[in-house]
Student: 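The structure is given below, and queries will be raised subsequently.
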There are 2 protein chains.
Amino acid sequence: MVQGRITIKDVAMKAGVSTATVSRVLNKSEKVHSRTRWRVERACAELGFSRDPIATALRTGRSNTVHLLIERFDGNFIPDILVGIEAKADAENYRVLVSKLDNAGRGIWEPGKQYIDGIIVISDAVHDLNLSEVAGQENLPLVCVYSYTQDIRYPCVLPDDYQGAYLAVQHLATRGCNDVGFISGPPDWPASEDRLRGYRQAVEDFGLREDPNLIEVGDWTVATGYEACLRLLERTSFDSIFAGNDSMAIGAIDALREHELRVPRDVAVIGFDNAALCRYVRPTLSSIAMPLKELGEVAMGTLLSLIDQRNNGQSSDTEHVLKLPCVLRKRDSTKVSEQLTIRDRKES
Amino acid sequence: MVQGRITIKDVAMKAGVSTATVSRVLNKSEKVHSRTRWRVERACAELGFSRDPIATALRTGRSNTVHLLIERFDGNFIPDILVGIEAKADAENYRVLVSKLDNAGRGIWEPGKQYIDGIIVISDAVHDLNLSEVAGQENLPLVCVYSYTQDIRYPCVLPDDYQGAYLAVQHLATRGCNDVGFISGPPDWPASEDRLRGYRQAVEDFGLREDPNLIEVGDWTVATGYEACLRLLERTSFDSIFAGNDSMAIGAIDALREHELRVPRDVAVIGFDNAALCRYVRPTLSSIAMPLKELGEVAMGTLLSLIDQRNNGQSSDTEHVLKLPCVLRKRDSTKVSEQLTIRDRKES
DNA sequence: ACATTTAATGGTATCGATTACAATGTAAAC
DNA sequence: GTTTACATTGTAATCGATACCATTAAATGT
């Protein structure tokens, strides 16, 4: 009763054809008489045959498997990006192998490297990394998600930080703010730079106060958000703060609270990232949500098309940088609770 | 210059032996003359040979790959558990394939099922799931992490909810609290049950007030934590709250705040889970941290030993349930800011 | 009607390793 | 000096599918 594995051979026998023909049917493409094809397909169905991926991989060198290299598993955005990657992979019948991306770049060369059709890298610091080493001498298709590399061979799928920042400031402007403080992330991060640009453009477009004194720098942490906000308070006055991320926004709120300033009544605050904590802090924190799931989907989609092109000997025609739009999440920290206060400030 | 793949054949040639001998060296176990072994090892090293895992898999039916099935990628604890799983897997030269665990249980049968040496399941609701279907007719080694199944064939690696809850109440007691309110999660969750038991035991051990009125039920969300706390406030008085998870703790704090009760001055609050948000809410929230990384490591370790035993024809000797201890994280929400208040209360 | 394509299918080597079995060498035993 | 046992090593089949080449059958052209 124990029927081992059902192989292409069994199918061939049942259908009265050769294994070569069965293989042809399985791989669509080639010409097979429709009568034969039908017989084979029926045999497959009746026997409940499914092709052995390992044998196929050995023969063809491809495995329908992509390698996902993650720098830090506990990064805030990983899970949502994973959702997108996995969904797309699943839909296209690909498998996803997950490993830690060793900072040193080694650890990828170990067994398992072969037969990988492509690579996705998620990291905060890809620009420091030699990706061609990761891609190997076979120069496997590789895309970065949520991380940037200058190497134009590798597409990068990123949130549109510029547009997201613009959105944040626009929201504050719409709400009636005029003096928007900005707490930037570290200047050497591409994301920081883009968010600053978005801030500046929106300030200009909406005719808000342009003043270098309104800009401060932190390093993404609560503590530096707090300190940056203190410096802003000393130096100038403002009616709102746009923080480069949610942690710094929370630090800023701490500082405001110490100065007896209430959020959003006295100062509106908006963050960036839309981390889970936005819904848990009080007041709940408005923020800019990155399209994480979509990033994952698009990254996987891009990778699959790279793989396709490579298999067909075409050269890749993908953009180097793909930016997906962010969306605004309004919460209490930017609510217009006291219309008057704001009017006063605008008219003064 | 393009040397294709370096195979066992190349090594055999270089070492002047047959491929069979090389294979024997590679697989340790069998007897090979030390002189020959040395020659082969040197040849391997010089050629930079590494064995092709796919070919090996095809021949042996094993692949050094485990399948990780996740119910919800965006579950709060996944990333940290993953860290542990991956670390252990990496150390033991195993690969980790990640997929979504389809609620229906299907989707696992698709190609890729074969050659999987074992399965890890992460889910919130495993008890509803037919795991034997997941394990397949081959009855692959399977372990659950952070989730429970009654099926004793499958080991479960869990945080020790009982001990964690005990720890929380002990902390409150040490701090001087006597009337500890408890907001439980839904009663049908094993975790809720265990946390309640831990609460009760600690209340008894430390001679605190035992009173059914001190116990309320929520469904893990902020909203129900809020409501549960309101009910407690109406019904009785208390000097502290232990919430079944952090979200409900936050809801409770909202309710306390509305009643002009200050945390921790008037009421101390402690949550469970030690979610990231604990460090971001104000006051920062004391909580019980589950050993997530360790859960992952132990789960993978258990799975590997199951695989080992199976390969050696032994029957599994692993415990059905493995509980790992939680640890207390003290933060502001249980700080003893006003020693007096507490003394008053204790002495009254 | 016969030559020449073209379509459809079969035979079999191959991918890179493992392993049962056979063969050889070596040393101890008689 | 054989015989015998045991330790090493080699030969070749095998895992399951693919793909090159050969072959046969059918279709087209003149």
Side-chain angles (χ1 to χ4, degrees), chain A residues 3-41 43-44 47-65 93 111-117 138 311, chain B residues 3-41 43-44 47-65 93 111-117 138 311:
Chain A
Q3 159 74 68
R5 209 190 183 303
I6 295 155
T7 79
I8 201 179
K9 232 168 175 170
D10 303 313
V11 176
M13 178 145 296
K14 176 136 195 160
V17 297
S18 75
T19 63
T21 303
V22 176
S23 179
R24 283 187 193 104
V25 172
L26 258 36
N27 294 302
K28 312 284 188 244
S29 62
E30 275 189 87
K31 16 191 144 270
V32 178
H33 194 99
S34 58
R35 199 170 47 241
T36 332
R37 151 160 294 131
W38 187 82
R39 285 226 310 277
V40 171
E41 277 165 353
C44 284
L47 293 172
F49 166 83
S50 80
R51 96 140 108 339
D52 184 331
I54 295 288
T56 305
L58 176 58
R59 187 63 237 252
T60 63
R62 302 183 207 131
S63 65
N64 271 222
T65 301
N93 193 30
K113 179 68 193 317
Q114 307 86 356
Y115 301 104
I116 293 294
D117 296 336
E138 307 91 334
N311 286 347
Chain B
Q3 159 73 69
R5 207 188 187 303
I6 295 156
T7 78
I8 200 179
K9 234 168 173 169
D10 303 313
V11 176
M13 177 145 296
K14 175 134 195 163
V17 297
S18 75
T19 62
T21 304
V22 177
S23 178
R24 281 192 270 262
V25 172
L26 258 34
N27 295 303
K28 313 283 190 248
S29 60
E30 274 191 84
K31 18 193 142 274
V32 177
H33 194 99
S34 60
R35 198 170 50 241
T36 330
R37 153 161 291 131
W38 187 81
R39 285 225 311 277
V40 171
E41 276 165 352
C44 284
L47 293 172
F49 166 82
S50 80
R51 94 140 105 351
D52 183 331
I54 295 287
T56 305
L58 176 58
R59 188 62 234 256
T60 63
R62 302 181 206 133
S63 65
N64 272 218
T65 302
N93 193 30
K113 180 69 195 314
Q114 307 86 355
Y115 300 104
I116 293 294
D117 295 337
E138 306 92 335
N311 286 347

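Residue numbers begin at 1 in each chain, while the letters A, B, ... track the order of the sequences.
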Student: For D:dG16 and A:Thr7 - does any side-chain N or O of the residue sit under 4.0 Å from the phosphate oxygens OP1/OP2?
Tutor: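 It does not, given that no N or O in the side chain of A:Thr7 lies less than 4.0 Å from OP1 or OP2 of D:dG16.
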Student: Side chain to side chain contact (heavy atoms under 4.5 Å, CB included), that's the test. Do B:Lys14 and B:Val22 meet it? Break it down for me.
Tutor: CA-CA 11 Å; B:Lys14 175 134 195 163; B:Val22 177; over 6 Å; no
Student: Between C:dC15, C:dA17, D:dA17, which nucleotide gets closest to the side-chain atoms of A:Asp52?
Tutor: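 The closest nucleotide is D:dA17.
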Student: Give the rounded distance in Å between these two atoms: CG of A:Asn27 and C1' of D:dG16.
Tutor: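 Going from CG in A:Asn27 over to C1' in D:dG16 covers 13 Å.
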Student: If you define the side chain from C-beta out and look only at heavy atoms, does anything of B:Arg24 sit under 4.5 Å from B:Thr21?
Tutor: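 With C-beta onward as the side chain, the pair touches.
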Student: Rounded to whole Å, please give me the gap between CG in B:Leu58 and P in D:dA13.
Tutor: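 Nearest whole value for this atom pair: 17 Å.
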Student: Check every strand shown and say whether B:Thr56 touches a base, only sugar-phosphate, or nothing at a heavy-atom separation below 4.0 Å.
Tutor: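 B:Thr56: backbone/sugar contact only, no base atoms under 4.0 Å.
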Student: How long is the line joining NZ of A:Lys9 and P of D:dC15, in whole Å?
Tutor: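 Rounded to the whole Å, the gap is 7 Å.
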Student: What's the CD1-C1' distance between A:Ile54 and C:dT14, to the nearest Å?
Tutor: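 Going from A:Ile54 (CD1) to C:dT14 (C1'), I get 17 Å.
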Student: Please check if the side chain of B:Thr56 supplies one atom and the backbone of B:Asp52 the other of a donor-acceptor pair under 3.5 Å.
Tutor: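 Present.
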Student: C:dC15 P sits how many Å from B:Asp10 CG, rounded?
Tutor: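 Between P of C:dC15 and CG of B:Asp10: 11 Å.
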Student: Between protein and nucleic acid, restricted to nucleotides 8-10 of chain C and to nitrogen or oxygen atoms under 3.5 Å apart, what atom pairs and distances do you find?
Tutor:
from, atom 1, to, atom 2, distance (Å)
C:dT9, OP1, A:Thr36, OG1, 2.2
C:dT9, OP2, A:His33, N, 2.7
C:dT9, OP2, A:Thr36, OG1, 3.2
C:dG10, OP2, A:Ser18, N, 2.9
C:dG10, OP2, A:Ser18, OG, 3.2
C:dG10, OP2, A:Thr21, OG1, 2.6
C:dG10, O6, A:Arg24, NH2, 2.6

Student: Rounded to the nearest angstrom, tell me the gap between atom CD1 in B:Ile8 and atom P in C:dC15.
Tutor: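 Interatomic distance, CD1 of B:Ile8 to P of C:dC15: 14 Å.
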Student: Given B:Asn27 and B:Arg51, is the side chain to side chain contact (heavy atoms under 4.5 Å, CB included) satisfied, shown in steps?
Tutor: CA-CA 11 Å; B:Asn27 295 303; B:Arg51 94 140 105 351; 3.1 Å; yes
Student: For a quick test of reading the model, state the closest non-hydrogen atom pair linking B:Ile6 to B:Phe49 and the distance between them.
Tutor: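 Answer, listing the atom of B:Ile6 first, then B:Phe49: O-CD1, 3.3 Å.
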Student: Could you check how far CZ of A:Arg62 sits from C1' of D:dG16, rounded to whole Å?
Tutor: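 That distance rounds to 17 Å.
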Student: Could you give the distance from CD1 (B:Ile116) to OG (B:Ser63), rounded to the nearest 0.5 Å?
Tutor: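 So the CD1 of B:Ile116 and the OG of B:Ser63 are separated by 5.5 Å.
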Student: Distance check needed: C:dC15 C1' versus A:Arg59 CZ, whole Å only.
Tutor: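 Going from CZ in A:Arg59 over to C1' in C:dC15 covers 6 Å.
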Student: Mind checking the CD-OG1 spacing from B:Glu41 to B:Thr36? Nearest 0.5 Å is all I need.
Tutor: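 Reported value, rounded in 0.5 Å steps: 10.5 Å.
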